[in-house]
Asker: 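Supplied in structure tokens, the structure appears directly below.
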Amino acid sequence: MGVNLTEKWERDVRGVRVIDGFLSTAEQVAIVEDVRAVARMAPFIRPMTPRGRPLSVRMTSAGALGWVTDQKGYRYEVRHPSGEPWPPIPVRVRAVWDAVVPTARPPESCLVNWYGPDAKMGMHVDRDEADPAQPVVSISLGDDALFRIGNPERGGKTESLWLRSGDVLVMEGPARLLHHGVDRIAPGTSTLLDAPGRINLTLRVVT
DNA sequence: CAGTGTCG
DNA sequence: TCGA
């Protein structure tokens, strides 16, 4: 199944590209099935901050490297905590990267964040990658999420936007290093998933 | 190293 | 929302 290149609407928020409705419903369904296959090989875990607080999201990865956090700190690892390597990035997910950032290097990591109805993600900067000149691509699936974009430093004025299932967000250029996070999920706004919640896929070049 | 969390 |  190809990536839908029509019927999309692109916005710009502080240099962050938001492509509304990038994925058709059929593409979203197919990618959710891909995520289920990834999770069978690399089960979702509840990550902990280095200080021992649980994150509210469940997390797994695909690709050569997966982002992990635990008592040892934030880092990329070549294996799931089980000791198994991460499964490959699904072809249809990779196709989204190729379509929206065609000149970038290939993605090395696809972080899978599963937000339950009450899950959030605090404001942070993606700073564990060696080359921040490479973009970050984020795919939203399931319930709507209130996404907040801030500044290069902590604090200051922020802008919020709702991300809906099938939207694709690109952080590149100066926007690559902006603070961002998810304030809340709106349960029941999508029927894509079996249960209330949201799945976000984040594609990155790591090395 | 860690605030990718929690509180007011 | 945003500072601690």
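By convention in this document, chain letters (A, B, ...) are assigned in the order of the sequence lines, proteins followed by strands, and residues within each chain are numbered from 1. The structure presented is a predicted model; accordingly, all values stated were derived computationally and were not measured. Just so you know, these numbers use all the heavy atoms, side chains as well, and skip hydrogens, waters and symmetry mates.
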Asker: Rounded off to whole Å, could you give me the CZ-to-P distance for the A/R154 and B/dT4 pair?
Answerer: 7 Å
Asker: Using atom NZ of A/K72 as one end and atom C1' of B/dC1 as the other, report the distance to the nearest whole Å.
Answerer: 17 Å
Asker: Let's see if you get this right: which residues in residues 157-172 of chain A place a heavy atom under 4.0 Å from DNA chain C?
Answerer: A/K157, A/T158, A/S160
Asker: Provide, to the nearest angstrom, the distance between the CH2 atom belonging to A/W67 and the C1' atom belonging to B/dA2.
Answerer: 9 Å
Asker: Just wondering, do A/R204 and A/L111 contact through their side chains at under 4.5 Å, heavy atoms?
Answerer: yes
Asker: Hey, are the side chains of A/N200 and A/I139 touching, using non-hydrogen atoms and a 4.5 Å cut-off?
Answerer: no
Asker: What nucleic acid atoms does A/G181 come within less than 4.0 Å of, heavy atoms only: base, sugar-phosphate, or nothing?
Answerer: nothing
Asker: Could you tell me if the side chain of A/D126 sits less than 4.5 Å from the side chain of A/H180, heavy atoms only?
Answerer: yes
Asker: Which value, in whole Å, describes the distance between the P atoms of nucleotides C/dG3 and B/dA2?
Answerer: 23 Å
Asker: What nucleic acid atoms does A/D128 come within less than 4.0 Å of, heavy atoms only: base, sugar-phosphate, or nothing?
Answerer: base
Asker: Step by step, would you call A/R14 with A/L178 a side chain to side chain contact (heavy atoms under 4.5 Å, CB included)?
Answerer: CA-CA 9 Å; A/R14 299 190 174 189; A/L178 295 180; 4.0 Å; yes
Asker: Give none if C/dA4 has no partner; otherwise give the nucleotide forming a Watson-Crick or G-U wobble pair with it, both distances under 3.5 Å.
Answerer: B/dT6
Asker: With the side chain counted from C-beta on, respond yes when A/V137 and A/V101 share a heavy-atom pair under 4.5 Å apart, and no when they do not.
Answerer: yes
Asker: Let me know, please, whether A/T49 or A/G73 comes out on the 5' side of the other along DNA chain B by nearest nucleotide.
Answerer: A/G73
Asker: Take atom CE of A/M121 and atom C1' of B/dT6, then tell me their distance rounded to the nearest Å.
Answerer: 15 Å
Asker: Rounded off to whole Å, could you give me the CZ-to-P distance for the A/R127 and B/dC1 pair?
Answerer: 15 Å
Asker: Could you state the atom-to-atom distance from CG of A/D126 to P of B/dA2 in whole Å?
Answerer: 19 Å
Asker: Classify the ring geometry between A/W67 and A/Y74 as parallel (under 30°), tilted (30 to 60°) or perpendicular (over 60°).
Answerer: tilted
Asker: For the CZ atom of A/R11 and the CG atom of A/L169, what is their distance to the nearest 0.5 Å?
Answerer: 9.0 Å
Asker: Between B/dG5 atom C1' and A/R51 atom CZ, what is the distance in whole Å?
Answerer: 11 Å
Asker: Using whole Å, report how far NZ of A/K120 lies from P of B/dG3.
Answerer: 16 Å
